[in-house]
A.B. asks: 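So that we are looking at the same thing, I have put the structure below in C-alpha cells.
Treat the numbers as computed from the prediction; the structure is a model and nothing was measured.
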Amino acid sequence: MVLSRGLGSAGRWRIAGLLGIGVAALALLLTTCAGRPGDDAGRRGADRTRERPVTAAPGWGLTHTQYSADRGTERGRRAAEKTLSAQPLTQNQHIMGWGASNPEPSPGRYDFADLDRRVDLMRKTGATPVLTLCCAPDWMKGGKPGDTDWSQQALETAPTPEHYADFAQLAGKVARRYPDVRHFIVWNELKGFYDDDKNRWDYEGYTKLYNLVYAELKRQNARNLVGGPYVVADSEPPGGAGGSPVVSGPWGSLDQRSADVITYWNRHKAGADFVVVDGSSYTREGDQLLPDEFRATAKFTDVTRWLRETTRLPVWWAEWYVEPPDADDDRDGWSEPHRLAVQAAAMTRLARGGTAAALYWNPQETGAKCPGCLWRSTELADGGGPLPMMNLLGRFAREFPPGTRFRTVDIAADDRPNVVVLADDDALLVVNTLKRPIHAQIDGRSFDMDGYEVRWFKR
C-alpha cells in the first residue's frame with residue numbers, strides 16, 4: 001500500500017495556511033538581526049518571573065494557523081483577545097509557518113518578529129503556551145542560506161541528518177527566548193520522514209532528531225516538558241489490509257505503520273513527558289465514517305487508551321478532525337449545527353479516553369464565511385467575536401478538564417441510540433445525534449431538543 005503522506009487522511013495542509021507569511025514578510029529576512037548561534041540577538045520575548053504550575057496535562061486548547069488574532073483591525077484584534085481571555089485555553093504555535101516566518105534564514109541570523117507577536121498574544125490572553133518545533137530553515141534541508149522556499153513540498157522536508165544538531169540548537173535558542181514556555185512538541189506529523197522504498201515512516205531518523213532536541217531542551221531547563229512523535233493516527237476500515245489488530249473497533253483499525261512509529265519511538269526515546277498524535281475519525285482512504293459520523297468518534301477513545309497503556313505517558317492530540325475534506329481541503333459540507341454536534345461527540349470520546357491535552361486546529365480565514373472557526377475574522381469591522389465552536393471549546397475546557405471523574409446518568413431506553421452524553425458531579429452535556437427534533441428523558445429530566453442540538457445542564 002502507498003501511504004497518503006503530508007496531507008494524510010486529516011488533510012490539514014492548505015497552501016495558504018502553510019506559508020505563514022505574505023510577500024511583505026519576505027522583507028523581514030533582509031532586516032534580520034545578526035548574531036552568533038545561541039546568542040539572544042533581536043527582540044527577546046518578555047520574561048515571566050512568576051512561574052505558573054507546569055503540568056503535562058494542560059487540557060483543551062487550540063493551534064494558531066496562518067490567520068489569527070495578532071493581525072487585522074485594531075477593533076477586531078481587541079475583540080479576539082477578549083474572546084480568548086474570557087476562557088484561557090492552552091494555545092499552540094509552530095516556530096516556522098502557520099503565521100511565523102523563518103526563524104533562522106541563515107546560520108546565526110534570526111528573525112523572531114512573527115513568533116514574538118504570537119507568543120505575546122498567548123501571554124496577553126492568559127494561555128498555557130505551547131510551541132511546536134517545526135518547520136526547519138531551508139539551509140538545514142539542502143537549501144541555500146538566506147533563501148526560504150514557502151512551497152508545501154519544501155516545508156514538508158525534514159532536516160538532513162547532518163543538520164539534526166543544528167535544529168536542536170535552534171530549539172534551544174527558542175526555549176531561551178521564551179523562558180515562560182514550558183511545553184514543546186517536536187516536529188509535525190513526521191513530515192519529510194516517510195521512506196517510500198520501505199513504505200513506512202523513517203522512525204529511526206525521527207527518533208534521532210527527537211532525542212537531540214529533547215536533550216537540548218532539558219539542558220536549557222529541566223522543567224521543560226517535551227513530547228513526540230506527532231504521528232498521524234490513520235485508520236483502515238474494518239478488515240482492511242494494513243490495520244493493527246490491537247487497536248480496532250467498528251470505526252476500523254489503527255494503521256499498523258502509525259502503531260510502529262509509536263512502538264519504536266517509545267522504546268528508543270531519550271525521554272518524554274507526553275506522547276503526541278493527531279488524526280481523524282474517518283478512514284485514511286475513502287474518508288469513510290463508520291458506522292456513522294457520530295459512532296466513528298469512538299476511535300478517539302480507543303486510540304487514546306492504547307497510547308496510555310503502551311507508553312504510560314499523558315496523551316496529547318495535537319489535531320483532531322471529524323468532517324472529511326473536499327478536493328480543495330475545505331470542510332464546509334456540513335451545517336454548523338451538524339459540525340458542532342459531531343465535534344462535541346468527538347470531545348466526549350477524547351475525554352473518556354483520558355486525553356491530557358487536545359488542541360483544536362483553528363481553520364481561521366479572513367472573510368465572513370469561516371466554517372468551524374473559533375472567532376469572526378479580525379479583518380472584519382465587527383470581527384473578533386466568538387463563534388459556536390469557541391463557545392463549545394471554552395465551556396468543555398471549564399467543565400471537563402483532564403482528570404475529571406465522569407459519572408453515569410440515567411437515559412431512557414428509546415433515547416440511548418440518539419444521544420451522546422457526558423457528565424460529572426456538576427455538569428451534564430447532551431448531544432442530539434439526529435437531524436430531527438427529539439424529546440429526551442435523561443438524568444431525571446424531560447426536555448425537547450432540536451436537530452443536532454448541543455445542550456448543557458447543571459447537575
A.B. asks: Tyr282 and Trp251: aromatic ring centres closer than 6.0 Å?
C.D. replies: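 That pair fails the under 6.0 Å test.
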
A.B. asks: Examine distances only and state if a side-chain atom of Ser68 and a backbone atom of Thr65 form a donor-acceptor pair shorter than 3.5 Å.
C.D. replies: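 Flag not set: sc Ser68 to bb Thr65 has no pair under 3.5 Å.
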
A.B. asks: Can you tell me which residue among Trp201, Phe167, Tyr214 is in a ring pair (Phe, Tyr, Trp, His ring centres under 6.0 Å) with Trp187?
C.D. replies: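 With Trp187 as partner, ring pair (Phe, Tyr, Trp, His ring centres under 6.0 Å) holds for just one option, Phe167.
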
A.B. asks: What I'd like to find out is whether the side chain of Cys135 reaches to under 4.5 Å of the side chain of His94, using heavy atoms alone.
C.D. replies: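 Cys135 does not reach His94 side chain to side chain.
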
A.B. asks: Could I get the full list of side chain to side chain contact (heavy atoms under 4.5 Å, CB included) partners for Asp450, not counting sequence neighbours?
C.D. replies: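 Glu453.
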
A.B. asks: Between Asp302 and Lys299, is the salt bridge (charged side-chain N to carboxylate O under 4.0 Å, His left out) condition met? List the steps.
C.D. replies: CA-CA 5 Å; Asp302 295 340; Lys299 169 185 174 177; over 6 Å; no

A.B. asks: For Leu387, what residues pass the side chain to side chain contact (heavy atoms under 4.5 Å, CB included) criterion, not counting sequence neighbours?
C.D. replies: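 By the side chain to side chain contact (heavy atoms under 4.5 Å, CB included) rule, Leu387 matches Cys373, Arg376.
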
A.B. asks: Before we go on, tell me: are the rings of Phe300 and Trp317 under 6.0 Å apart, centre to centre?
C.D. replies: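 Yes: the rings meet the under 6.0 Å criterion.
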
A.B. asks: So does Arg117 pair up with Asp114, basic N to acidic O under 4.0 Å?
C.D. replies: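 Between Asp114 and Arg117 there is a salt bridge, with a charged N closer than 4.0 Å to a carboxylate O.
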
A.B. asks: Would you say Asp149 and Ser151 are linked by a side-chain donor-acceptor pair, where the criterion is simply a distance under 3.5 Å?
C.D. replies: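 Yes, Asp149 and Ser151 have a side-chain donor paired with an acceptor closer than 3.5 Å.
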
A.B. asks: With no hydrogens and no angle check, just 3.5 Å: does a side-chain donor-acceptor pair link Arg257 and Tyr194?
C.D. replies: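 Per modelled atom types, Arg257 and Tyr194 side chains form a pair under 3.5 Å.
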
A.B. asks: Does Thr433 use its side chain to pair, donor to acceptor, with the backbone of Asn418 at less than 3.5 Å?
C.D. replies: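 Side chain of Thr433 to backbone of Asn418: a pair is present.
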
A.B. asks: Could you tell me the separation between the CG atom of Asp278 and the CD atom of Glu189, rounded to the nearest 0.5 Å?
C.D. replies: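 One finds 4.0 Å between CG of Asp278 and CD of Glu189.
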
A.B. asks: Keeping Trp139 on the side-chain end and Glu104 on the backbone end, is there a donor-acceptor pair under 3.5 Å?
C.D. replies: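 Yes.
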
A.B. asks: Nearest 0.5 angstrom please: Thr132 OG1 to Asn188 CG, how far?
C.D. replies: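 Here the rounded value is 7.0 Å.
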
A.B. asks: Can you tell me if Asp273 uses its side chain to pair, donor with acceptor, with the backbone of Val226 under 3.5 Å?
C.D. replies: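 Yes; at least one donor-acceptor contact below 3.5 Å.
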
A.B. asks: Check whether the side chains of Glu319 and Tyr230 place a donor and an acceptor atom closer than 3.5 Å, and report yes or no.
C.D. replies: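 Yes - a donor-acceptor pair under 3.5 Å links their side chains.
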
A.B. asks: Are Leu429 and Met347 packed together at the side-chain level, in the sense that at least one heavy-atom pair is separated by less than 4.5 angstrom?
C.D. replies: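 Not touching, per the 4.5 Å side-chain cut-off.
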
A.B. asks: Would you mind checking if Arg395 and Glu399 are paired as a salt bridge, meaning a charged N to carboxylate O distance below 4.0 Å?
C.D. replies: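 Between Arg395 and Glu399 there is a salt bridge, with a charged N closer than 4.0 Å to a carboxylate O.
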
A.B. asks: Could you tell me whether a side-chain N or O of Thr125 sits under 3.5 Å from a main-chain N or O of Lys82, the two making a donor and an acceptor?
C.D. replies: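 Not at all, since once roles are kept as given, no pair shorter than 3.5 Å links the two residues.
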
A.B. asks: Is it the case that more than 12 heavy atoms not belonging to Arg75 sit under 6.0 Å from its CZ atom?
C.D. replies: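 No.
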
A.B. asks: Will you find, in the side chains of Asp111 and Ser101, an N or O donor that is under 3.5 Å from an N or O acceptor?
C.D. replies: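 Yes - a donor-acceptor pair under 3.5 Å links their side chains.
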
A.B. asks: Check side-chain hydrogen bond (donor to acceptor under 3.5 Å, both in side chains) between Glu81 and all other residues, then give those that pass, not counting sequence neighbours.
C.D. replies: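 Scan of Glu81 (side-chain hydrogen bond (donor to acceptor under 3.5 Å, both in side chains), adjacent residues dropped) gives Lys124.
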
